[in-house]
Structure formats: C-alpha cells, structure tokens
Amino acid sequence: MLSPDPKARPPRPITFTGNPLDRAGNPRRDAGWMAGKRRAADSRFLPMRELKPLVDVTGKPARLAWQDAPWAARYPALPAVFLGLDDSGIAYFALDCDTAPDTADLHSETVKYIDVRSIAPQVSPGEAAILAQARSLVDWHQRHGFCAQCGSPTAMTEGGYSRRCESEACKAQHFPRTDPVVIMLAVRRDAQTGQDMVLLGRQAHFPPGMYSALAGFMEPGETMEEAVRREIMEEAGVATGAVRYIASQPWPFPASLMLGCVAEAADAAITVDKAELEEARWFSRDEIAQMLADSTNMEASPRLSPPISLAHQITRRWIAGA
C-alpha cells in the first residue's frame, strides 16, 4: 500500500453521482400509473433539444428549468422519459423536444439549452446526476426506434426503461444499455528514491499539457480486474498485478459507467502504443499534487484532467490514501 499524503484535501463529490430521485422501478411498469403521473398537475418536465437540457443560468448554482404540467400538456406526442419521484411523490420527466420547433422559443438570455458536459459543473450535484440519467435515456431512445431483431418500429414502455417491438410476430423487448469502462492508475514505489509514482498518459486530441488516467472499454467475458491489466499493458506496455476498485461514475456520452481502479505496477518500463496514446510517463506524488491544483488552469503544463472527470477524482482519492 502506497503512503497517503496527510496534507491532501478531501475529494469532492463525483460529478453525475448522487441522484436524489426514486426511479420507482416497480410502479413504472404499470402503464396506467405511468400515464397518470404524466398527466398529474404537480409533475415536472425538463425540456431537452439536441440532448441539451433547458437551464436557468440566473443563479449560482444554475438550476434545471423544469416546466409545469400545463406546459407539457401542449405536447402530448413528445417522448417523455420518467426520471423518478422526489420525497413528496412528485414525478419528474425528461421531454425530448426535437420534433417540436416552438420549444426552441424557451431559449433566452436567462434560460438556455446547454450541453450537459458544459453545464454539469455549474449545477448542484443532485441535478448533475439527473442530467446523466436524462441524457443517456433520451439518447438511447433516439437511436433505437427500430427493432434490432426484425427491423420493425419499436415503442417506449415502462416510462422509458424499455422499448417493445410493434410487430405481432416479434414483440422483442429492448433495454437501455450501459457500457462499462475501466479507468485506472498504475502505481509503484521508485526503488531508488522511495517516491510513490503514478502512470498517466495523454492522447493526441487532449488540450496541450493535459494528462489523464488510462482507460478502455471492458470486453465480453472479461472481469474488471482483467480489463484493467489488459488496457495498461496494451496502451503503455506496463505489467500490473493487484487491482483495487476506488469509485465509479455514470458518464452520459452517451451511456458509459466508468469504473475507477488502481493497479500495482510490476516494473517501470513504458512502451507506448502510438495508436492509443501520444505519450505516457510516471509522475511523483509531489508532481501529482501540483497537477491536481492546476487542473482548471488551461495554461499549466503538465496538469490533470478537470474535476468533472473520474480520472481526476480517483487521482485525488489515491493521493489522499485510497
């Protein structure tokens, strides 16, 4: 176990986690209950256009610009994804407004349709988590209008948590997918200096000076630990042994689940796969502390990926002793 930094700041909440809504997994299967919630006078609706939510930017933090039931009643044909119930039983929905041109009129100087990645750090953690849920689900429905089994049209069911083929001969049911992605730090202790070291890399499309944890999709029939070892070996040529899980993060671009891990490196030699990375190198604990501090300074080099990323958060947790 590598030594924690006693001066390290505690980690902040991970962006897109901490959703406060109850997804009501059992009652949402009842079509009558679901239709009643969509018509309920106290239900709230989040307009989304081109996967961008409507946001009130007049305050700090910014707030999602929920619309009331009379407004939503004007658009009964728009797809409405059920997000959940709050503590008072009020239902919240995401409304896909792409086919209703007049909903663009809601955009103004104070209320705007804004990209989720851009606005997530500016809203409360709970609302950022709701955005991850809403964006992933609306995106999935937009991509799955036809049955993968027979090609017939599909219809939304269970409040947006499945689609059913409309062909009487097929009736296949389809469910939103989440793609697991491992994102990991390879760590070691330098034999000569005794310093704790962390392996980070950068891809060619990264902003100048920015480094991040290595990452890759899990493959079929693979454990999380196997995926961590494989990706580090493929991208940087570093063999690793023990793997420990640190934290996870929904990543709604379009629908991944980031699994943050730390792996113990067996050696220090790096062989970079240039098809994957532009560069990979070892950083000391002191360098990492400075990179974390500089992560929002676009002029700093080297610096870590911004706080919205799980790479940033697992690095902060590692330096704090995780």
Side-chain angles (χ1 to χ4, degrees), residues 2 4-5 8-17 116-118 120-121 125 128-129 132 179-188 196-218 224-225 227-236 238 240 243-253 255-265 270 272-273 276-298 300-322:
L2 300 183
D5 182 350
R9 291 182 296 169
R12 67 170 64 185
I14 295 173
T15 304
F16 301 129
T17 65
V116 169
R117 194 190 304 254
S118 300
D179 299 315
V181 178
V182 290
I183 183 164
M184 54 273 166
L185 304 172
V187 299
R188 66 181 179 86
D196 297 337
M197 308 294 290
V198 175
L199 180 67
L200 300 177
R202 56 171 285 108
Q203 298 180 1
H205 66 84
F206 282 7
M210 193 185 87
Y211 289 78
S212 187
L214 307 189
F217 285 96
M218 288 179 61
M224 178 180 70
E225 293 84 356
V228 166
R229 298 186 190 103
R230 174 182 56 78
E231 286 288 345
I232 296 174
M233 175 58 73
E234 288 177 357
E235 295 188 3
V238 175
T240 53
V243 174
R244 63 182 185 275
Y245 167 80
I246 302 296
S248 63
Q249 178 189 40
W251 191 248
F253 307 105
S256 294
L257 177 65
M258 312 298 286
L259 303 171
C261 299
V262 171
E264 302 290 338
I270 296 173
V272 171
D273 178 359
E276 294 281 349
L277 298 176
E278 181 180 76
E279 180 190 358
R281 54 172 284 202
W282 294 101
F283 293 88
S284 70
R285 182 179 289 276
D286 289 344
E287 289 175 308
I288 289 293
Q290 187 60 52
M291 291 168 71
L292 285 166
D294 290 338
S295 59
T296 57
N297 178 5
M298 297 300 290
S301 180
R303 68 182 184 281
L304 201 67
S305 50
I308 189 176
S309 70
L310 188 60
H312 181 108
Q313 296 301 326
I314 62 173
T315 306
R316 188 173 293 283
R317 281 159 172 74
W318 170 79
I319 208 170

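The figures that follow rest on heavy atoms only: side chains count, while hydrogens, waters and symmetry mates do not. In this text the structure is predicted, and so the values were computed from the model without any measurement.
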For D179, the salt bridge (charged side-chain N to carboxylate O under 4.0 Å, His left out) test, sequence neighbours excluded, returns R177
Contacts of S305 meeting side chain to side chain contact (heavy atoms under 4.5 Å, CB included) (sequence neighbours excluded), chain-then-number -> M210, S212, S309, A311, H312
Contacts of T17 meeting side chain to side chain donor-acceptor pair (under 3.5 Å) (sequence neighbours excluded), chain-then-number -> none
Problem set entry | side chain to side chain contact (heavy atoms under 4.5 Å, CB included) assessment of Q249 paired with Q313 | CA-CA 10 Å; Q249 178 189 40; Q313 296 301 326; over 6 Å; no
CD1 of I232 to CD1 of I270, rounded to nearest 0.5 Å, is 11.0 Å
When rounded to the nearest 0.5 Å, the distance separating CZ of R188 from OG1 of T240 is 13.5 Å
For A120, the side chain to side chain contact (heavy atoms under 4.5 Å, CB included) test, sequence neighbours excluded, returns T15, F16, A128, I308
Here the gap from C261 atom SG to I246 atom CD1, rounded to the nearest 0.5 Å, amounts to 7.5 Å
### Query
Less than 4.5 Å apart, any side-chain heavy atom of L259 and any of M218?
yes
- Contact check, side chains of E264 and V187, non-hydrogen atoms, under 4.5 Å: yes
Heavy-atom closest pair (M291 atom, F283 atom, distance to 0.1 Å) is SD-CD2, 3.5 Å
Smallest heavy-atom separation, A300 atom then D294 atom, equals CB-CB, 3.5 Å
Step by step, work out the side chain to side chain contact (heavy atoms under 4.5 Å, CB included) result for L214 and E231.
CA-CA 8 Å; L214 307 189; E231 286 288 345; 6.0 Å; no
By side chain to side chain contact (heavy atoms under 4.5 Å, CB included), P125 pairs with (sequence neighbours left out) none
Report yes if some heavy atom in the side chain of R317 is under 4.5 Å from a heavy atom in the side chain of I14; otherwise report no. yes
| query | Going by heavy atoms in the side chains, are L200 and L185 under 4.5 Å from each other? | reply | yes
Contacts of E287 meeting salt bridge (charged side-chain N to carboxylate O under 4.0 Å, His left out) (sequence neighbours excluded), chain-then-number -> R281
query: Would you say the side chain of E235 lies within less than 4.5 Å of the side chain of L277, judging by non-hydrogen atoms?
result: yes
Nearest heavy-atom contact between Q203 and E276 is CG-O, 3.5 Å
Residues 205-218 vs salt bridge (Lys or Arg N to Asp or Glu O under 4.0 Å), sequence neighbours excluded, gives none
The reported gap from CZ in R117 to CH2 in W251 (rounded to nearest 0.5 angstrom) is 5.0 Å
Heavy-atom nearest pair, M224 first then Y245, reads CE-CB, 3.9 Å
Here the pair of heavy atoms bringing G260 nearest to L310 is N-CD2, 3.7 Å
Measuring only between side-chain heavy atoms, which start at C-beta, is S301 closer than 4.5 Å to P208?
no
Sorted by chain and number, sequence neighbours left out, salt bridge (charged side-chain N to carboxylate O under 4.0 Å, His left out) with R229 holds for none
Applying salt bridge (charged side-chain N to carboxylate O under 4.0 Å, His left out) to E278 and not counting sequence neighbours gives R202
Taken to the nearest 0.5 Å, the spacing of T315 OG1 from Y211 OH works out to 14.5 Å
All heavy atoms of D273 vs all of E234, minimum pair found to be CB-O, 3.3 Å
For M298, the side chain to side chain contact (heavy atoms under 4.5 Å, CB included) test, sequence neighbours excluded, returns P207, R303
Quiz item: Heavy-atom distance under 4.5 Å between the side chains of V238 and L199, does that happen here?
Solution: yes
Value for CZ (R244) from CH2 (W318), rounded to nearest 0.5 Å, stands at 9.5 Å
